[in-house]
Each structure stands twice: as C-alpha cells, then as structure tokens.
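Since the model is a prediction, treat every value here as computed from it, not as a measurement. Numbered from 1 within each chain, the chains take letters A, B, ... in sequence-line order.
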Amino acid sequence: MTGLRGFRQRNGNVGTVLILIAAAFIFLPSLFFRWLFIDLQSVTVNEDLQVVVKREIQRNFLGAFSATLRDADTDKIICFGEVSQPFEYKERAGKTNPIAFNFRQWASLEDRIALYACMRNGFLSGGRFYITTCHTAYFPNGWKIGGRCVSSNVFQPTAAAIKKLLED
Amino acid sequence: MNKPLEYWIALAAAAFYVFQRSSDKPIFNRLSMTAISSALGYSLTGDLVNITQRPEILVLVATTTLIYLLLDFSSAIISDRRLLIDMIRKVLKK
C-alpha cells in the first residue's frame with residue numbers, strides 16, 4: 001500500500017504517539033531553551049583569561065552549568081568542571097550585560113586540584129583553547145528539563161595569565 | 001566506534017522497530033529505510049547529545065525512529081501524486 005493512506009495505517013497507533021511525545025520531550029526544551037530559560041549570547045575569553053559574557057536570563061529557574069575546556073587544534077578535552085548542585089538563576093541578575101567573570105569561576109576551576117589537573121593535561125601558555133559552556137534547567141523536583149551549549153572564542157593564554165591564575 | 005554494548009543493543013532495537021513498522025513494503029524498501037534511519041540516527045546522535053544534554057541512548061532511539069517517521073511521511077507524500085497535484089492546484093488557485 002502506498003500513499004498517505006498506507007502511512008496512516010502503518011503509523012496511526014500508540015507507538016507513533018509515544019515516539020512523538022518522547023521526541024518532543026527530548027528535543028523541544030533545548031530548541032526553545034534560549035527563550036525559556038537563559039540566552040547565552042556570547043562567551044569571550046581574552047589572552048589574560050578574562051571572561052566577558054553576554055547573556056539574558058528569561059525567568060527565575062533552577063539550573064546548573066558545566067564548562068569543558070578543549071584544545072582548539074585537536075578538540076581534545078583538557079578539563080571539565082561543573083557546579084555540584086543546581087541553583088536558582090534570578091531573572092534580575094541577567095539584566096547586567098555584558099558581565100565579566102573570573103576564569104576559574106566560569107570554568108568551574110575554583111578547586112586548585114582541578115586546576116593543576118588541567119595544566120597536566122596541557123592547559124599551558126602558547127596553546128589555543130576554547131570553552132564550551134552548557135546550561136541545564138531542572139524542574140523543582142530535580143528532573144532535568146533540557147539544556148543548551150555555547151562555545152567561546154579561541155583564546156591563547158599568556159604565561160603571565162597562567163601564572164596569575166595559579167596565584168589567585 | 002568505541003561505544004558501550006548498551007548503545008549497540010539500543011541501535012539494533014530501534015532498527016528492528018523501523019524494519020517491523022514497514023512490513024507492508026517490498027523487502028528492498030524496508031531494508032533501505034532501516035539502513036538510512038539507523039545510519040542517520042547513529043551519525044546525528046553525538047551532535048544532538050551535545051545540544052540537548054540528554055542521555056545518548058535516549059537520543060539515539062528517538063532520532064532513529066523519528067527519522068523513519070519523516071522518511072515514511074515524505075515518501076508517502078511523494079508517492080501520492082494525485083493528492084500532491086490537488087494540493088498544488090489549490091495553492092495555485094488562491
């Protein structure tokens with residue numbers, strides 16, 4: 001059987017409805033994430049490792065973020081950091097734009113051991129890197145709604161910036 | 001290719017589901033639709049996991065089966081020439 005009648009006979013059942021519901025649940029929140037939760041427009045890191053972020057928080061929501069530092073030439077993951085617990089994003093906090101962040105704070109590298117691990121993996125001056133920041137939104141009961149990732153520019157930290165990072 | 005066994009089992013299950021769904025079609029069509037859905041599902045999953053932040057296996061199964069539905073729907077529209085011509089006529093008349 002061909003045509004739309006055949007399509008309806010093959011797919012007009014509970015299985016298809018379940019597939020469509022599952023697909024909507026998986027893909028739609030991420031598709032509309034920037035309008036529903038947080039619109040991370042840009043993340044710019046300079047050679048002194050100062051992070052400037054443009055973002056808009058659309059409403060108060062329970063969320064979390066992670067940051068993956070990668071080698072820009074090989075795409076190899078140098079290190080990964082994430083907040084340990086979801087926290088409340090406040091809409092009014094998103095009105096300050098653009099906003100500067102400390103590199104260790106943005107990359108979730110406040111733990112010195114994690115910072116040393118990054119350096120052992122090749123986070124040194126002269127290398128070319130970028131950060132992928134992923135935000136995730138949660139229901140109040142802790143279930144994940146969806147997320148979205150944004151990559152920064154490629155940056156090349158100076159030796160002085162790396163030294164300062166270790167001293168901070 | 002270094003994926004866990006669960007990943008391959010999920011891909012095989014999704015492929016089998018697609019194959020089962022198109023039981024009224026000739027065997028070549030069934031096989032090609034299964035192969036296309038599985039290959040696209042496998043290829044797109046990595047990027048979609050990065051975008052959606054969802055578990056890989058869940059995204060793999062949803063993508064493979066959704067691609068099958070899209071393929072089946074588009075081939076149904078194309079093969080239903082009379083309906084397609086009627087729709088074009090209606091649009092042109094407006």
**Message:** Check the orientation of A:Phe65 and A:His135. Use parallel for under 30°, tilted for 30 to 60°, and perpendicular for over 60°.
**Reply:** tilted

**Request:** Assess the side chains of A:Tyr116 and A:Arg120: does a donor N or O sit below 3.5 Å from an acceptor N or O?
**Result:** no

**Asked** What part of A:Thr16 lies closer than 4.5 angstrom to a heavy atom of chain B: side chain, backbone, both or neither?
**Response** both

**Item:** Side chain / backbone / both / neither for A:Leu31 at chain B, heavy atoms under 4.5 Å
**Value:** neither

**Message:** How long is the straight-line distance from CD1 of A:Ile26 back to CG of B:Leu48, given to the nearest 0.5 Å?
**Reply:** 10.0 Å

**Prompt:** Does any heavy atom of chain A fall under 4.5 Å from the side chain of B:Asp72, the backbone, both, or neither of them?
**Reply:** both

**Request:** State whether a side-chain donor-acceptor pair under 3.5 Å links B:Thr64 with B:Ser38.
**Result:** no

**Message:** Heavy-atom pairs under 4.5 Å with chain A: which of B:Leu69, B:Ile51, B:Thr52 has the most?
**Reply:** B:Thr52

**Fill in**
Under 4.5 Å to a heavy atom of chain B? For A:Phe33 that would be neither

**Request:** Could you check whether the rings of A:Phe61 and A:Tyr89 sit parallel, tilted or perpendicular, using 30° and 60° as the cut-offs?
**Result:** parallel

